[in-house]
Amino acid sequence: MRRAFPLIALMSVAAPAFSQTKAVPMKYPETRKVPQVDAQFGVKVADPYRWLENDVRTDKDVAAWVAAENAVTNAYLATLPGRDVFKARLKQLMDYERFGLPVHKGAHYFYSRNSGLQNQAVLYVRDTLEGEGRVLIDPNGWSKDGATALAEWVPSEDGSKVLYTMQDGGTDWRTVKVLDVATGQATADTIEWVKFSNLAWAKDGSGFYYSRFAAPAEGAKFQALNENQQVYFHKLGTQQAADTLIYATPETPKRGHLVEVTDDGNWLVITSTEGTDNRYEITVIDLKTKSAPRTIMKGLENEWSLAGNVGGNFYWATNKDAPRLKIVAMNLYARSAEPPVTEIVPEDSKGAVLEGARIVGGKLITEYLADVKSEVRRYTLDGKADGTVALPGIGSVGGFGGDIDSNETFYSFTSFATPATIYRYDVATGKSTVWAAPKVAFDPAQYDVAQRFYASKDGTKIPMFVVKRKDVTGPAPTLLYAYGGFNISVTPSFSATRLAWLEQGGVLAVANIRGGGEYGKAWHDGGRLANKQNVFDDFIAAGEYLKREGITSKDGLAIQGGSNGGLLVGAVTNQRPDLFAAALPAVGVMDMLRFDRFTAGRYWVDDYGYPSKEADFRTLYKYSPYHNVKSGTAYPAILVATADTDDRVVPGHSFKYTAALQAADIGDRPHLARIETRAGHGSGKPTDKVIEEAADNWAFAAKWTGLTVKPVR
């Protein structure tokens with residue numbers, strides 16, 4: 001399938017006028033400029049901080065700059081009165097039991113669990129669903145700083161072994177290992193240079209399939225482009241050098257390949273793509289006959305996501321002739337180059353988007369998104385409606401993995417005021433039962449969640465969730481968040497870190513702007529390539545709406561976004577610096593003319609375009625955050641966040657952007673960089689670093705929006 005004790009009432013909060021928050025001019029580190037000017041399509045593009053693209057691990061000048069920036073930032077953050085309050089409260093709010101979805105294989109149930117403040121979740125195993133779990137893999141002892149994480153894990157079909165990956169310091173690179181469940185000991189099997197890969201066991205447990213890149217050149221591990229991904233099979237008990245190459249496309253080195261084995265173990269399905277769009281080629285191998293690879297869907301034109309198969313009859317979720325997706329079936333034994341397609345479940349006629357589908361217990365279990373809220377529907381394998389899965393409220397679901405011949409599956413449900421609860425679902429009876437429900441240190445009944453719709457610049461109606469304490473009335477300091485890209489839907493979910501902001505009387509607004517997948521292909525297309533400005537217009541309109549409706553005050557709006565959302569925050573800050581009091585861009589894509597030169601950046605051309613093509617260049621140059629900082633204009637307070645091990649969006653983006661901000665005449669409010677060490681793009685970040693970062697962000701936003709921070713007792 002396709003991502004408590006009651007609170008003591010706090011005093012009401014009012015945001016003072018912006019002029020009442022006095023700004024003291026900051027003294028920033030000196031940043032060397034170089035005479036780098038590139039001529040592109042008749043435009044001379046200055047890039048004076050090109051040297052900051054170098055790897056902080058190997059370039060002493062970059063390392064010295066990072067140390068100087070962090071010294072200034074840390075000194076400033078230490079002056080913020082709300083920082084210690086937020087940190088103390090975040091430790092309480094984060095200290096609750098969190099479970100992952102169980103996976104039933106053989107005689108065992110496998111699941112992850114974090115007891116509360118553990119830096120990394122631990123993998124457990126049980127012999128019965130309600131039995132006592134025992135620790136199988138505890139990554140918390142893997143490194144002194146807690147920054148080495150257990151990432152992906154997959155049990156073998158008989159439950160005797162677990163494939164798992166180690167993620168060090170937040171990098172996207174993975175080391176793959178194998179654990180013997182009976183002994184709890186790792187075998188000698190070790191696989192390196194794995195990134196952006198599925199892990200798929202052979203049905204008989206003899207080995208597994210994975211995708212890898214070639215080892216990068218010395219010193220280029222965190223910056224080199226990722227090309228020529230290949231699919232291999234590893235036989236247990238052998239060295240990686242002996243692994244069998246299963247599939248590669250050297251003639252098209254930009255293609256990446258994900259591999260999966262069907263539930264019956266008879267087919268290998270390889271999904272190939274060149275970018276971030278859901279446009280795939282599908283290649284299959286009949287493992288019974290050991291057939292040559294056969295590409296059944298060619299052309300990188302449509303999405304094809306496997307729901308399951310019955311023999312040679314395969315079920316797919318696809319957007320072919322269905323922008324909001326439908327379910328089709330195809331028989332791979334048909335004697336044709338491309339098997340004929342039969343529609344099973346048509347595209348929803350009322351606008352809901354099919355998020356994914358899975359065959360479990362002989363039924364198609366489908367997840368839909370209707371106005372950014374989850375619905376789960378059941379169908380028979382011939383497409384007849386078979387009821388729904390009753391959910392506990394308005395929120396987001398995930399899960400529904402399982403086998404075609406088993407009625408047992410699990411799913412999670414969460415909302416803004418509801419921590420993720422795990423349910424066991426019986427397909428035969430249609431009954432859901434709680435398997436794990438966390439107990440948290442707050443009262444969800446004290447919070448109100450409302451969905452509003454506002455008009456963007458071109459009149460398009462945009463949905464936005466507004467979350468606040470029920471006793472907060474009138475304008476209040478507000479945190480506005482959005483993403484707006486790559487067909488990713490931002491759905492209701494619980495965040496203990498955001499709760500620390502909400503319980504102080506702050507408001508959270510989450511805007512479902514274009515570029516995401518909330519309403520299907522048209523919504524995504526409306527916010528990418530030449531339409532990217534719509535994303536910024538939607539976000540700016542959200543800020544204007546929050547002020548016009550009296551949700552926030554004139555000078556009480558802070559904005560936050562990460563990755564593509566960091567780009568969003570950087571771009572709108574340049575375009576409308578008057579609208580925001582504080583900006584929190586994290587791990588953002590800030591140089592839109594060079595993003596495709598590093599690590600995974602080349603994949604992003606589907607959303608951003610090619611800097612080497614004139615039409616795309618002119619669009620990118622117009623909104624690139626690094627290139628459009630406007631001297632002579634007062635900017636909001638800005639806290640840029642990045643990390644030294646981010647090999648998804650390399651930190652040079654944020655380094656150069658920060659240098660440009662600090663060199664420009666944009667007012668006396670602070671424009672700082674918070675540069676984490678031994679951390680990456682976000683995944684695998686230890687709990688203590690999450691708490692520290694959130695405390696810094698909220699204290700910074702509180703300072704500049706006028707949020708009064710008081711201890712919670």
Side-chain angles (χ1 to χ4, degrees), residues 1-3 256 271 273-280 299-305 316-327 347-348 350-357 367-374 396 453-454 456-465 481-492 510-542 561-568 571-572 588-589 592 595-596 600-610 615-616 619-620 623 649:
M1 306 288 282
R2 279 223 283 173
R3 206 149 80 190
T271 300
T273 184
E274 284 193 2
T276 55
D277 268 7
N278 297 334
R279 296 184 291 112
Y280 307 140
L300 296 176
E301 295 179 355
N302 298 108
E303 176 174 355
W304 299 93
S305 298
W316 308 87
T318 181
N319 61 4
K320 180 176 173 59
D321 303 320
R324 295 187 305 279
L325 285 82
K326 62 183 178 181
I327 298 175
E347 181 181 39
D348 183 80
K350 297 182 179 180
V353 179
L354 176 64
E355 291 279 281
E367 297 177 29
Y368 283 85
L369 204 59
D371 277 335
V372 205
K373 299 178 287 289
S374 287
S396 306
F453 290 81
Y454 65 92
S456 189
K457 183 178 180 179
D458 63 359
T460 301
K461 293 295 183 182
I462 311 295
M464 177 166 60
F465 290 102
Y481 172 88
Y483 185 78
F486 297 101
N487 200 37
I488 293 173
S489 302
V490 181
T491 59
V510 178
N512 297 107
I513 59 181
R514 281 173 284 186
E518 287 87 348
Y519 292 99
K521 188 176 186 300
W523 200 251
H524 178 210
D525 289 346
R528 64 178 180 143
L529 301 174
N531 295 324
K532 189 66 176 178
Q533 184 59 41
N534 287 336
V535 175
F536 311 136
D537 290 342
D538 291 355
F539 194 74
I540 289 168
S563 194
N564 176 73
L567 157 63
L568 166 68
V572 299
V589 188
M592 300 310 298
F595 69 85
D596 60 341
R602 66 171 185 81
Y603 292 108
W604 310 335
V605 295
D606 283 344
D607 249 51
Y608 299 150
Y610 293 83
D616 291 346
T619 297
L620 293 164
Y623 69 76
V649 179

*CZ of Arg514 to CD1 of Ile462: how many Å apart, nearest 0.5 Å?*
5.0 Å

_For the student: nearest non-hydrogen atoms of Pro463 and Val372, plus distance_ = CG-CG2, 4.0 Å

_As a quick check of understanding, evaluate side chain to side chain contact (heavy atoms under 4.5 Å, CB included) for Ile327 and Leu354, giving each step before the final call._
CA-CA 9 Å; Ile327 298 175; Leu354 176 64; 3.7 Å; yes

_Between CD on residue Glu303 and CG on residue Asn319, distance to nearest 0.5 Å_ = 5.5 Å

*Expected output: side-chain Asp537 to main-chain Lys457 donor-acceptor under 3.5 Å*: no

*Mind listing the closest non-hydrogen atom pair of Gly517 and Ser489 along with its distance?*
C-OG, 3.1 Å

*Taking all non-hydrogen atoms of both residues, which atom of Asp616 and which atom of Tyr610 are closest, and how far apart?*
OD2-N, 2.8 Å

*Is there side-chain contact between Glu367 and Ser374, with heavy atoms separated by less than 4.5 Å?*
no

*Give the minimum heavy-atom separation between Gly562 and Tyr483, together with the two atoms involved.*
O-CE1, 3.6 Å

*State, with a plain yes or no, whether a side-chain heavy atom of Asn278 is found less than 4.5 Å away from one of His524.*
no

_Salt bridge check, Arg324 against Asp348: does any charged N sit closer than 4.0 Å to a carboxylate O?_
no

_Gap between atom OG of Ser305 and atom OH of Tyr280 - 0.5 Å precision_ = 5.5 Å

*Does Ser396 use its side chain to pair, donor to acceptor, with the backbone of Pro492 at less than 3.5 Å?*
yes

*Could you walk me through whether Phe465 and Asn512 pass the side chain to side chain contact (heavy atoms under 4.5 Å, CB included) check?*
CA-CA 8 Å; Phe465 290 102; Asn512 297 107; 3.7 Å; yes

_Gly561 versus Tyr481, closest heavy-atom pair with distance_ = CA-CE1, 4.0 Å

*Would you confirm whether the ring centroid of Tyr608 sits within less than 6.0 angstrom of the ring centroid of Phe486?*
yes

*What do the steps show when you test Lys326 against Thr318 for side chain to side chain contact (heavy atoms under 4.5 Å, CB included), and what is the final call?*
CA-CA 6 Å; Lys326 62 183 178 181; Thr318 181; 4.2 Å; yes

*Identified side-chain contact (heavy atoms from CB on, under 4.5 Å) counterpart of Trp604 within the set Asn564, Leu567, Asp596, Val589*: Val589

*For Asp371 and Tyr519, test the side chains for any donor-to-acceptor distance below 3.5 angstrom and give the result as yes or no.*
yes

*Is any side-chain heavy atom of Trp304 less than 4.5 Å from a side-chain heavy atom of Lys320?*
yes

*All side chain to side chain contact (heavy atoms under 4.5 Å, CB included) counterparts of Asp525, not counting sequence neighbours*: Lys521, Arg528

_Leu325 CG to Leu369 CG distance, which is reported to the nearest 0.5 Å_ = 11.5 Å

*Least distance between heavy atoms, Ala352 atom then Tyr368 atom*: CB-CD2, 4.0 Å

*Hey, what do you get for CD1 (Ile513) to CH2 (Trp523), rounding to the nearest 0.5 Å?*
9.5 Å

*asked:* Go through it in stages, so that I can follow the logic: the residues are Glu518 and Val353, the test is side chain to side chain contact (heavy atoms under 4.5 Å, CB included), and I'd like the CA-CA distance, side-chain angles, deciding distance and then a yes or no.
replied: CA-CA 7 Å; Glu518 287 87 348; Val353 179; over 6 Å; no

*Going from CG on Asp538 to CG on Asp458, what distance comes out if it is rounded to the nearest 0.5 angstrom?*
7.0 Å

